K.L.:
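Provided herewith is a single structure, encoded as structure tokens, for subsequent inquiry.
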Amino acid sequence: MSEPVIESLASESGWQRFRRDRAAVWSGWFLVSIAAVCFLSPLIAPYPYMAQDLAHSAAAPSPAHWLGTDLLGRDVLSRLLQGGMISLCVGLIATSVALAVGICYGVLAAEVGGRAEDALMRFVDIVSTLPLTLIVILCTVVFGQNMPMIFLAVGGVSWLTMARIIRNQTRELKASQFVQAAESLGQSRWGIFSRHYLPNLAGTIAVCATLTVPGVMLLEAFVSFLGLGVKAPMTSWGLMIKEGADIMEECPWLLISPSVVFALTLLSLNFLGDGLRDAFDPRSSRK
Amino acid sequence: MAYVLRRLLEMIPVLLIVVAATFFLAHAVPGGPFDKDRPLPAEVKARLEQYYGLDQPLPVQLGNYVVNLAQGDLGPSIKYPGWSVREVIGSRIGVSASLGLISLLLAVLIGVPVGVLAASRPNSWLDRVPMGFTLVGICVPSFVLGPIMALIFSLGLGWLPPCGWGSAIHYVLPACTLGLITAAPLARLTRGSLMEVRSLDYVRTARAKGVPPLRVWFVHALRNALLPVVTYLGPAAAGLVSGSFVIESLFDVPGMGRLFVTAIINRDVMLILGTTIVYAVALLFLNLAADLANAALNPKVARS
């Protein structure tokens, strides 16, 4: 908060640029409404997501069940909302894990400098060439497919790009005059980190985070699709798509509704991320 | 040459870390390979574990495994008695490798021309329509596109078999699914990098001195524009790998991806380790190949 004037001017023009990007704004609203209905699903879902009604199993969409029912007669709309809650939770929590690790690693690498920095970044390069999906699958199985561990495992492999970007930015900041001034005035490393690095990295972090969410959600969906992620009776969009794909001949609605919602969510996240980047990170959009 | 040698040497510690990490993870998976619906008698189980060396302390097992690995021995498979992991993988790897290569080829053959076409007429329908499709391609994951393609082409139109393996026609659906998914980011990358290159001074100079437009486009601009595309092929291969898990179980393809998933379900520790190592080695080499191709295209990279 040391330079309020400059700060507000910069951010205002950023928001104005963002608001002109209609695809990004609409995506933002779409995501907000999807998240709202999913997280309110315990209150507003038409049926409990695990309530079975075997008399009306595998029913096509109708006024009673807007999106039909699955093989056990569970209401697809209610399950879609509950699955969305899980998928969005994975997106948010795993991204936070990736953010925390990525920021710490990137700033640390830039701070230590020299050979240690090279070694740290080489490590990131090497790890990013490994078959990380396999490791995530193994981790979720090891930890008994429980939710917090899925979040951790997915987040634990998604921080690499973040670390790279944060490190590059921090290196520039470290060489900048105001940081050097703060250093020569005797400010502690922690003070420089919290007062100078974090506020200046905020834009980059926000953009990175938005663009990490779709990847993370995809990874969870992959694992759940293989039957190794979220466990029944809970569900996630990945698991619903898998169940739909298994019987798509007889009940295509079981495949179509989760697929469409999932794809639209990913699309909006990409639009939103691109819009944010163009608005707040002019350097990368020029590139 | 020295560069290649250094990169190859660098792979050794990386692989050791992968082996160790996978080893402990695979052993930490709850349940063992001999757990059945009806428990085995204790002596039988102990005898089996002794036979496979599973009764020794984990670090000893890991040490033995690494020593055997150095000689190219991946150990015996537990769920396929009488087969070594090498034989099991050997019988599957051809399927996955050919599927992966065809998909990658398809992705390049579709993605790069589409990107070039879009960049040649920016903001016309030739640009907007294909780029709209690529955006969809990025957001529709393989496990959504796969079932939808099967729904249309095999169940709806009856042109292609929905699953199975054996003849060339079985390649069409899985390869197209994987190829299209990978082609989408490639096309966007090609377009973006061409748009950037074509505004550079050296391209304008070439045009100004009267080089034919097509020659400027393909010889001068495309060569530089393809650098990021080639670099992307390494990570793209990694994407194909994770895509192949899903595609192989979806279309019933007897490849490595399905082998890995069944190995986990069966708790076949040796097979889990074997498949992970093969994937890691393949990815490391593909990345090296992408870097070398980059150096061949760009003398600046080659010198550094």
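Just so it is clear: chains get the letters A, B, ... in the order the sequence lines come, proteins before strands, and each one is counted from 1. Keep in mind that this is a model prediction, so the values were computed, not measured.
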K.L.:
For chain B, which candidate among A:S268, A:A221, A:P252 shows the most heavy-atom pairs at distances under 4.5 Å?
P.N.:
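Result: the option with the highest number of such pairs is A:A221.
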K.L.:
Checking heavy atoms, do the side chain of B:L286, its backbone, both or neither come under 4.5 Å from chain A?
P.N.:
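For B:L286, neither part sits under 4.5 Å from chain A.
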K.L.:
Please check if the side chain of B:R188 supplies one atom and the backbone of B:T134 the other of a donor-acceptor pair under 3.5 Å.
P.N.:
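Between the backbone of B:T134 and the side chain of B:R188 there is no qualifying donor-acceptor contact (under 3.5 Å).
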K.L.:
With a 4.5 angstrom heavy-atom cut-off, is it the side chain or the backbone of B:T276 that approaches chain A, or both, or neither?
P.N.:
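Both the backbone and the side chain of B:T276 come within 4.5 Å of chain A.
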K.L.:
Is chain B contacted by the side chain of A:F271, its backbone, both, or neither, given a heavy-atom distance below 4.5 Å?
P.N.:
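Side chain only.
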K.L.:
Measuring heavy-atom distances to chain B, does A:L134 have an atom under 4.5 Å in its side chain, in its backbone, in both, or in neither?
P.N.:
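Backbone plus side chain of A:L134, per the 4.5 Å heavy-atom cut-off to chain B.
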K.L.:
At a 4.5 Å cut-off on heavy atoms, which part of B:I264 comes close to chain A: side chain, backbone, both, or neither?
P.N.:
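For B:I264, side-chain heavy atoms alone lie under 4.5 Å from chain A.
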K.L.:
For A:L267, which atoms come within 4.5 Å of any heavy atom of chain B: side chain, backbone, both, or neither?
P.N.:
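Contact with chain B is through both the backbone and side chain of A:L267.
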K.L.:
Taking all non-hydrogen atoms of both residues into account, name the closest pair between A:L266 and B:C139 and its distance.
P.N.:
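Reported closest heavy-atom pair: CD1-O, 3.3 Å.
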K.L.:
Quick check: closest heavy atoms across B:A225 and B:P228, and the distance to 0.1 Å?
P.N.:
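Closest approach of B:A225 to B:P228, heavy atoms only: O-CD, 3.3 Å.
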K.L.:
May I ask you to check whether B:F143 and A:F222 place their ring centres under 6.0 Å from each other?
P.N.:
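Close enough - the centres of the two rings lie under 6.0 Å apart.
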K.L.:
Would you check if there is a donor-acceptor pair between the side chains of A:T235 and A:Q82 at a distance under 3.5 Å?
P.N.:
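No, A:T235 and A:Q82 have no side-chain donor paired with an acceptor closer than 3.5 Å.
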K.L.:
Let me know if B:Y279 has heavy atoms under 4.5 Å from chain A in its side chain, its backbone, both or neither.
P.N.:
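Both backbone and side chain.
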K.L.:
In terms of side-chain geometry, is the basic nitrogen of A:D125 or A:R122 positioned less than 4.0 Å from the acidic oxygen of its partner?
P.N.:
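Result for this pair is yes, salt bridge flagged.
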K.L.:
I need the minimum non-hydrogen distance between A:A163 and A:M121, along with the two atoms involved.
P.N.:
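Heavy-atom minimum between the residues: O-CE, 4.2 Å.
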K.L.:
Counting only non-hydrogen atoms closer than 4.5 Å, does B:I138 touch chain A with its backbone (N, CA, C, O), its side chain (CB onward), both, or neither?
P.N.:
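Interface part for B:I138: side chain.
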K.L.:
Which bit of B:R258 comes within less than 4.5 Å of chain A, counting heavy atoms only: side chain, backbone, both or neither?
P.N.:
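Neither part; nothing is under 4.5 Å.
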